[in-house]
Amino acid sequence: MASQPNDPRLPSAARPYKQPLVAPQDLPVDYSGFIAVIFGVFGAMFRYKICSWFAIIFCAQSLANMRNMENDLKQISMAMMVRDYGVDDELHGGGASTEPQKLVS
């Protein structure tokens, strides 16, 4: 059997693994960032607390798995802004009152 250049039985011939370079436009889609935006919008528009909390979780996951700094940071920052608006709106009760206003005569 002929010796190959990457024969694992010869430690001196072993070479460390080098990850191939991938162009930023060829990277897979960041689904957790996209889901964070969707949940953030639902939490802000419909005032669902659970959607805002899911947006926080998916935002953190997207931030932890960030591959392309420029594109992912834009998407994550947008998700965080929508998420923060939703959480702030739920906690502080912003917006119009749901009770009918009494007319003073």
Side-chain angles (χ1 to χ4, degrees):
M1 180 172 172
S3 172
Q4 296 177 352
N6 292 331
D7 191 355
R9 295 173 289 183
L10 300 174
S12 61
R15 291 181 292 172
Y17 174 75
K18 292 182 183 176
Q19 188 173 4
L21 295 175
V22 179
Q25 63 267 19
D26 294 337
L27 287 171
V29 177
D30 181 23
Y31 289 110
S32 57
F34 179 70
I35 293 171
V37 171
I38 298 299
F39 275 125
V41 168
F42 280 160
M45 286 179 59
F46 303 120
R47 294 186 177 184
Y48 292 152
K49 283 186 182 181
I50 191 72
C51 288
S52 294
W53 285 109
F54 278 142
I56 291 173
I57 292 169
F58 281 110
C59 224
Q61 180 183 359
S62 181
L63 192 61
N65 295 328
M66 190 183 321
R67 293 190 180 119
N68 184 2
M69 187 68 168
E70 184 178 339
N71 292 338
D72 289 349
L73 198 59
K74 289 177 188 176
Q75 186 173 6
I76 292 171
S77 64
M78 188 181 90
M80 285 183 181
M81 285 187 285
V82 172
R83 175 208 66 190
D84 290 343
Y85 172 73
V87 170
D88 183 56
D89 191 38
E90 291 166 5
L91 294 177
H92 297 279
S97 174
T98 56
E99 297 176 13
Q101 293 186 1
K102 297 177 183 175
L103 296 175
V104 178
S105 48

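Only this structure's heavy atoms are used, side chains among them; waters, hydrogens and symmetry mates stay out. Predicted model, so just to flag it, every value in this text is computed and none were measured.
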* Measure across Cys59 and Ala36 and return the closest heavy-atom pair with its distance rounded to 0.1 Å. => N-CB, 3.7 Å

* Structure fact -> dist Ile57:CD1 -> Ser32:OG (nearest 0.5 Å) comes out at 12.0 Å

* To do: Give the minimum heavy-atom separation between Ala55 and Gly40, together with the two atoms involved.
  => CB-N, 3.6 Å

* **Ile50 CD1 to Phe54 CZ distance, which is reported to the nearest 0.5 Å** => 4.5 Å

* To do: Check the angle between the aromatic planes of Phe39 and Phe58 and answer parallel, tilted or perpendicular using the 30° and 60° thresholds.
  => parallel

* Can you sort out the partners of Tyr17 under ring pair (Phe, Tyr, Trp, His ring centres under 6.0 Å), two or more places apart, ordered by chain and number? => none

